[in-house]
Structure formats: C-alpha cells, structure tokens
Novice: 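Here you go, one structure.
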Amino acid sequence: MVKTEILKMLKGTAGYVSGQELCERLGVSRTAVWKVIRQLQEDGYEIEAIRNRGYHLKKSEDVFTREEICSALHTKWVGRNLVFLDVTDSTNNEARRRAEEGAPNGTLVVALEQNAGKGRRGRTWFSTSGAGIWMSLLLRPEIPPECASMLTLVAALAVEAAIYQVTGLEGQIKWPNDVVLDEKKVCGILTEMSTEMERIHYVVVGIGINVSITEFPEELQDKATSISLCTDKTVNRAELTAAVAKAWEEYYGRFLQTLDLSLLIEEYSRHLINRDREVKVLTPGDTYSGICRGINKKGELLVETSEGMREVMSGEVSVRGIYSYV
Ligand code: BTN
C-alpha cells in the first residue's frame, strides 16, 4: 500500500524526503503523494511540508492507525490479516462475523471504539473511544475443545509481557486472566468459541487494555486502572498492540508443544497475584475460601481449604480477594 510505504520512508529518514524521491520510488504522481500526506496528517501525524526540501515526519507519540500497527508488527502470522475499524459493536463480534465468512487463522480485529464492548459473564466492557486497545484475535486451532480454556491464561501472559516490554511496568495476573497493575485491573480477556461436535471451529480471544483512561465510572473506580494512571510515559498503542501479537506467537507456540501449560506454569506462577493470598471462590452452587497455592498444568487454580486442596476450573467461577478486588 502506498500509504504504508510513504510512512515507512518518512520514518526511516531523519531529515526530509523529497517529493520527487517518493514519486520515483513508489511509481506514483506528485498529486498522489500529496493526497497520502494529507491523509496521514488527518490520522494525527505531524508532517512538515517544505517547498524544495520535501516532507519531514516529527516524532508522533501515539498515532493509532492501521498503517502504524502494520509497520510495528514483526509477527509471522498474527495480524497478517489486520482489520482496523473506527467503530464497531464489539471486536469479538466482528471477529466472529469474519470467522463465519472464512477469515484465516491469526486475523486480528482492532477498533478505536466499541459501542457494545462485552465483558465476561454477560457484563459490558467500558471501552472509551481512543483510550484503550480493543482487539480480538481469531484462531483456528486444531486442539480438543477442553483445552480452549487454557488460551485465556496464555493471553494474560502475553499481555503482561507486552506491557512490560513497552512500558517497563511489571504487571501481575489475577487468575485466570485479568492483568493487574497496582492491584487494579488494567486488562480483561474474553475468549469465545464455536465448536462442532468434538472439534473447534474457531476461537476468538478478545483483549481489552485500558491505556489512557483517566476516569472510570464510579462502580469501577476501586478495581480498574489504566497504564497512564501508573506511568508518566506516553504509551504508543500501535507498538503495544504489535507487542501483544508477537508475545502471543511466542507463548501460544509453547502451549501448542504440550497442549497444556507445562512450559508456561513457572512464568505464570511468578506473576500470579493471588498466590499465597486468601481467596474466596464463588461457584453457581457453592462459596468457599482458602489460600491460593498456584495453578496446575491444566490452568486450574489450586486452593488450600480446611478440607484439603481444591482444583478450581475457570468458567462460571469467580475468585476474589477477601477484602478487595485481588
Ligand atoms: C472481562 O470481563 O474481563 C473481559 C473483558 C474483555 C474486553 C475485550 S475488549 C476487546 C474484546 N471485545 C469485546 O467486546 N470484549 C473484548
């Protein structure tokens, strides 16, 4: 695409790139180059245009566009088919629609805004326009359906690693898949799937990262945070999206080797915020408390109760701290 190529050339040049050079390298007219420059400026890039010198891109802190994600992506298969939308109901719904139309494994759907963002257990997901990363990854894994619940734990690890890589902030994971900064939730993950008999048709892993939200609705204030509330650094959402995609390839690759979490358990446990804390487990028919002792290789939470060790499966279960969100 000409737009991506022009952006790459501008980014790769410290000074000015002449209009002539852009035209020659890309085989397009001066008017076409100018039109693309205008589009890039509308996307938020600060581009200086000086007669007889050419174009110069000033450092852009957080431009979140399809081109920006494409130029930051260094993956083999995740996001190679990238769907970028200004607004959608829910990126999970969009990914499901694309899946039904035959979109390939690794399709990544990203939206600036969701007007019906979905959380777990039928809740809505607060997805302010432009202040977060709302994305869904479409997978067509050849794994038994009973292994699919582990994918959310894999995703939590990938997000935690990507946040650390891009911001230097070391997050934790609240089992099974909330990423936590300063004891509050910064990322939620919603995995949905379509199965046929014993076979998975497709899985959609939906990831919501609060990036620059500074005010949450009252009911979320005690439990939600954003990256901006935890650091002064400006986060580049395209870079973070690409880092999640790359980390996903890495952790998912390890998961596929064993079809369980054997190769990830150690890293997951290191980040598990519930570890050695008292937790309350709420299931549809039962509520009990105990001390969290980590996870097993199936991703189940180990809770030491007065009656012995219990293995808690994710799904309809909710795990809380005794006094607060964690
Ligand atoms: C949770 O309740 O913790 C899960 C929240 C998942 C939110 C993300 S945002 C992108 C994707 N699209 C949705 O509608 N939900 C997920």
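Order of listing sets the numbers, starting from 1, for every ligand and every atom in it. Only a predicted model underlies this, so the values are computations on that prediction, with no experimental measurement involved.
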Novice: Only heavy atoms of Ser136, strictly under 4.0 Å: list the atoms of ligand 1 that pass.
Specialist: 11 (C)
Novice: Flag the pair Trp248 / Phe255 as yes when their ring centroid distance falls below 6.0 Å, and as no otherwise.
Specialist: no
Novice: Using a strict threshold of under 4.0 Å (side-chain N to carboxylate O), is an ion pair present between Arg98 and Glu94?
Specialist: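 Salt bridge between Glu94 and Arg98, a charged N being under 4.0 Å from a carboxylate O: yes.
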Novice: Check each of Lys8, Lys11, Lys3 against Glu68 using the salt bridge (charged side-chain N to carboxylate O under 4.0 Å, His left out) test, and report the only one that passes.
Specialist: Lys11
Novice: Got an N/O contact under 3.5 Å between Ser90 and ligand 1?
Specialist: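 Yes; at least one N/O pair falls below 3.5 Å.
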Novice: Please work out, at 4.0 Å between heavy atoms, whether the side chain, the backbone, both, or neither of Asn177 comes within that distance of ligand 1.
Specialist: neither
Novice: Considering the heavy atoms of Lys118, write down every atom of ligand 1 situated less than 4.0 Å from one of them.
Specialist: 5 (C), 6 (C), 7 (C), 13 (C), 14 (O), 15 (N), 16 (C)
Novice: I'd like to know if Asp86 and Arg66 make a salt bridge, using a cut-off of under 4.0 Å between side-chain N and carboxylate O.
Specialist: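 Looking at Arg66 together with Asp86, the answer is no, because their closest N to O distance does not fall below 4.0 Å.
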Novice: With a 4.0 Å heavy-atom cut-off (strictly under), which part of Ile207 contacts ligand 1: side chain, backbone, both or neither?
Specialist: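 The backbone, only.
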Novice: Could you tell me if any non-hydrogen atom of Ser127 lies under 4.0 Å from any atom of ligand 1?
Specialist: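 No heavy atom of Ser127 comes that close to ligand 1.
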Novice: Would Glu250 and Arg254 pass as an ion pair if we require N to O under 4.0 Å?
Specialist: yes
Novice: Near Thr91, which atoms of ligand 1 are under 4.0 Å from a heavy atom of that residue?
Specialist: 10 (C), 11 (C), 12 (N)
Novice: I'd like to know if Gln114 contacts ligand 1, where contact means a heavy-atom distance under 4.0 Å to any ligand atom.
Specialist: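 Per 4.0 Å heavy-atom rule, Gln114 contacts ligand 1.
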Novice: If you count the atoms of ligand 1 from 1 in the order shown, which ones are under 4.0 Å from a heavy atom of Gly117?
Specialist: 14 (O)
Novice: Could you tell me whether Arg97 and Glu100 make a salt bridge, using a distance below 4.0 angstrom between a side-chain N and a carboxylate O?
Specialist: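 Salt bridge: no.
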Novice: Among Arg121, Arg120, Lys185, which one puts a heavy atom closest to atom 3 (O) of ligand 1?
Specialist: Lys185
Novice: What atoms of ligand 1 come closer than 4.0 angstrom to any heavy atom of Gly208?
Specialist: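 Heavy-atom distances to Gly208 below 4.0 Å select 8 (C), 9 (S).
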Novice: Using the side chain to side chain donor-acceptor pair (under 3.5 Å) criterion, which residues pair with Thr13? Sequence neighbours excluded.
Specialist: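 Counting only residues at least two positions away or on another chain, Thr13 forms no side chain to side chain donor-acceptor pair (under 3.5 Å).
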Novice: Is a donor from one side chain sitting under 3.5 angstrom from an acceptor on the other, for Glu307 and Tyr288?
Specialist: no
